[in-house]
Chemist: 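Mind having a look at this structure? Questions to follow.
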Amino acid sequence: MSEKTFYITTPIYYPSDKLHIGHTYCTVATDAMARYKRLCGYDVMFLTGTDEHGQKIEDKAKEAGVTPKEFVDRIVEGERGILDLWKLMNISNDRFIRTTDEYHVRAIQRVFRRMYDKGDIYKGTYKGKYCKPCESFWTESQLVDGKCPDCGREVQDAEEEAYFFRASKYAARVRDLLTTTDFLEPASRVNEMVNNFIDCEGGLQDLCVSRTSFTWGIPVDFDPKHVVYVWLDALFNYMTALGLENDAHNDLDKYWPNAVHFVGKEIVRFHSIYWPAFLMSLDLPLPQKVYGHGWLVMDGGKMSKSKGNVVDPYILAERFGVDALRFFLLRTFPFGSDGNFSNELLINTINVDLANDLGNLVSRSTAMVEKYFGGTLPKLESAENADVELLSMAKALRGRYEAQMEKYQFQNALEEVFKVIQRANKYIDETAPWVLARDEAKRDRLGAVLYNLLETVRICAVLLTPFMPESCEKILDRLGATACERTWESAAVFGALHDGVTVTKGEAIFPRIDAEKELEALQAAQKNAQKPAVELEPYADESVDFDTFCKSDFRAVKVKACDAVKKSDKLLRFTLDDGSGTDRQILSGIHKFYEPEQLVGKTLLAIINLPPRKMMGLESCGMLISAIHYESGEEKLNLIMLDDKIPAGAKMC
RNA sequence: CGCGGGAUAGAGCAGUUGGCAGCUCGUCGGGCUCAUAACCCGGAGGUCGAGGGUUCAAGUCCCUCUCCCGCAACCA
């Protein structure tokens, strides 16, 4: 057994919905890293999983009319669920943890108790204001004029019991960790964390680590009306999966703390501040590194369901192939920063790098061995002038690649490989084997040129294996490479390919894509997979009694003036004539749908007896009524416009 | 002045400790016929967002400003 171990993890994903290309990106990156380390000879543990507790899941399950466990089971294990997706993407994880796994649940309870016994978790009160009719807690800062932001009624001082983690105790050590080591990378994220959460006003706040407002979570065993806050529950997955406080696994000594966590930038805060603090509390060693990668954005905007621009990895993998998609994700975007995803870019990358450069190089090289040598090539070494540059690049490649991989710079590592591939294509032009083939006296030279090509391809294919496992295996099969000609060691040796190797040309490994046709088909497929063209809000199944309904005072109002609230992209401020003789001011978050000047003079419908509410420092007295629906996932909003004949103040009944 | 990121060729991006501005696509011209209409060579195209400063030398360091994007806030 190898003594070098390496532990790498993805975040555990939150199964409240289907996973999208962003999750796939992170998992593929982690997989490539894991495969790379295995290639290098490490004993690798690669963990991924799901974070299944929390209010949102509880709510969604309720909506769907199933238990929370049934709900997450469907997303995790169901058809085209998370497990299916990772299988499709050829993810080589060694373990898959679900936070609902029995061993994890019990381990978290023990961890919670240990931190409590140590005094780092203490029972405190979540101080706030309570609104009896709404049964809601509010913090001081949420209140509007000291009143309930929901209903506007008086609130009372109230305290809800909760457990807190003494994060403040570890603030200095965490700051040190972030600022004096490379625990958190890329370094650009360090300032953000320190400025925002540690050196901010009031310093690092103690973290509330239990909830009583919902039940879908791990109960605190010594105080069962509390459930453990999802982040404490989730972060420890990295260690419970190795056997922390449980007997299901027993690899903690072997793999911890030689661990690297790949996480999205949105959860860097939890991984770089609270996770180390939790571990410090338990006197456990810290992982080696947290790497916060960027997001894939669509045309500059964040991927989101409401924009209808969520990219489904299933569709892409099925159309273009798993390896092509894996390759694209890691080749195109710098791992630490955001990347702009588009179908055009995907197709372009596949065509240029995989079809034209790599695939075509394999084709032309193997074709010539078949054509000129009947498929069996003698090992002929050479060092003519024309060979020098190619050979030295190929020999140096593993080192250059390794340097980038060790920095998690996948795009640079791949760039190094493709420089060599491009050089090999050029080498064919320079040496013109088809010319050599016409002259029997140059047969040895021809053989040497082809051998150099096969060797170059072999080295590149070995190094590309972590990114495209299946395709590289095919390429190496075509070259006739034996097992020991596919190793990490062999990638540093030019001339490893054995004498008399048998080569087969075969079908194109990366067929060229007809961009125009494919883009159309893709758009159709993605649209199809999306929601129906027009989607309506669910119909209410609760009835409202007539008296309650009649309490709502709807009136026709005329827009006297309308302007955008400054510093807000959503709010419009309306000055309205409601017939009373006094202007009424209403704020409405509809700037996305209307420009102020469009609305002046219109007759609209408003409910006027809602309690006033302050937004962005301005008071809103009522609400304008609109109709809402969705088209292709995009929210559409239309104000209810009344006939201008209707006088201001007319009551709707 | 809430926090952070960004602005470099038509598009998308890279530029390490300051040292002749680069890559991919596109475009124009040429070469080759082994190969997947692929491959190779060359040209055109940039006041590096604006202004100021430090320096022999600034895309890079410092200051000011403009615009974009996240987060946060808000969306009755």
Side-chain angles (χ1 to χ4, degrees), chain A residues 141-142 144 149-152 188-197 199-201 265-266 269 294-295 297 299-302 331-334 336-340 342 344-345 347-349 351-372 407 409 411-412 415 418-419 421-437 446 449-450 453 505 507-515 565 567-572 586-592 606-608 610-626 637:
Chain A
S141 61
Q142 286 174 310
V144 175
D150 263 8
C151 67
S188 56
R189 309 234 181 263
V190 169
N191 275 342
E192 197 175 341
M193 289 302 123
V194 174
N195 291 344
N196 257 323
F197 303 112
D199 290 341
C200 59
E201 207 183 307
K265 65 177 184 181
E266 75 283 10
R269 174 184 165 201
W295 283 345
V297 298
D299 299 320
K302 189 177 156 187
R331 161 89 218 231
T332 311
F333 310 113
S337 30
D338 291 355
N340 213 326
S342 74
E344 288 88 339
L345 190 58
I347 292 174
N348 190 49
T349 305
N351 275 346
V352 171
D353 285 339
L354 295 184
N356 296 357
D357 286 355
L358 174 59
N360 189 37
L361 176 65
V362 173
S363 284
R364 58 204 306 219
S365 305
T366 51
M368 286 190 282
V369 176
E370 282 195 347
K371 196 163 178 176
Y372 303 135
K407 290 190 285 185
Q409 295 302 298
Q411 83 285 11
N412 292 345
E415 178 70 29
F418 273 79
K419 270 189 212 158
I421 289 169
Q422 280 150 21
R423 187 64 189 81
N425 274 317
K426 181 172 173 175
Y427 177 76
I428 297 182
D429 243 62
E430 291 167 342
T431 54
W434 52 92
V435 175
L436 299 173
L446 175 63
V449 164
L450 294 183
L453 283 170
K505 177 166 184 283
E507 290 296 299
I509 289 174
F510 302 108
R512 207 181 147 75
I513 297 164
D514 180 338
V565 175
K567 291 211 165 183
S568 166
D569 10 305
K570 294 179 183 166
L571 284 176
L572 292 181
I586 290 182
L587 301 182
S588 187
I590 57 172
H591 199 177
K592 212 164 54 169
I607 176 167
I608 57 160
L610 284 175
R613 176 161 181 184
K614 241 184 185 171
M615 285 177 274
M616 303 294 281
L618 297 167
E619 193 158 70
S620 179
C621 305
M623 181 169 94
L624 292 169
I625 310 300
S626 327
L637 179 145

Chemist: With a 4.0 Å cut-off on heavy atoms, is A/Lys505 in touch with a base, just the backbone sugar-phosphate, or nothing at all?
Modeler: sugar-phosphate
Chemist: Checking all strands, does A/Leu587 fall into the base, sugar-phosphate, or nothing category for heavy-atom contacts under 4.0 angstrom?
Modeler: sugar-phosphate
Chemist: Counting runs of three or more consecutive pairs, Watson-Crick or G-U wobble, with each distance below 3.5 Å, where are the stems of RNA chain B?
Modeler: B:2-7 with B:66-71, B:10-13 with B:22-25, B:27-31 with B:39-43, B:49-53 with B:61-65
Chemist: What contact category does A/Ser363 fall into here, base, sugar-phosphate, or nothing, at under 4.0 angstrom with non-hydrogen atoms?
Modeler: base
Chemist: Please report the distance, rounded to the nearest Å, between CG in A/Asn412 and P in B/G15.
Modeler: 7 Å
Chemist: What's A/Phe510 touching, base or sugar-phosphate or nothing? Going by heavy atoms closer than 4.0 Å.
Modeler: base
Chemist: Which is more 5' along RNA chain B, the nucleotide nearest A/Lys371 or the one nearest A/Glu415? Just name the residue.
Modeler: A/Glu415
Chemist: Using whole Å, what does the distance between atom C1' of nucleotide B/C34 and atom CG of A/Leu361 come to?
Modeler: 11 Å
Chemist: Using whole Å, what does the distance between atom P of nucleotide B/G26 and atom CG of A/Leu345 come to?
Modeler: 13 Å
Chemist: Got a sec, which pairs hit side-chain hydrogen bond (donor to acceptor under 3.5 Å, both in side chains) with one end in residues 423-433 of chain A, sequence neighbours left out?
Modeler: A/Arg364-A/Asn425, A/Asp387-A/Tyr427, A/Glu389-A/Arg423, A/Arg423-A/Glu430, A/Tyr427-A/Asn452
Chemist: Using the C1' atom as the point on both nucleotides, what is the distance between B/A44 and B/G2, in whole Å?
Modeler: 48 Å
Chemist: Nearest heavy atom decides the nucleotide; on that basis, is A/Ser588 or A/Arg331 closer to the 5' end of RNA chain B?
Modeler: A/Arg331
Chemist: Using atom C1' in both nucleotides, what's the gap between B/G51 and B/A7 to the nearest angstrom?
Modeler: 16 Å
Chemist: What does the B/S/- profile of nucleotides 37-42 of chain B look like, 5' to 3', with a 4.0 Å heavy-atom cutoff to protein?
Modeler: -SBSS-
Chemist: Can you check the A/Leu571 CG to B/A73 C1' distance for me, whole Å?
Modeler: 10 Å
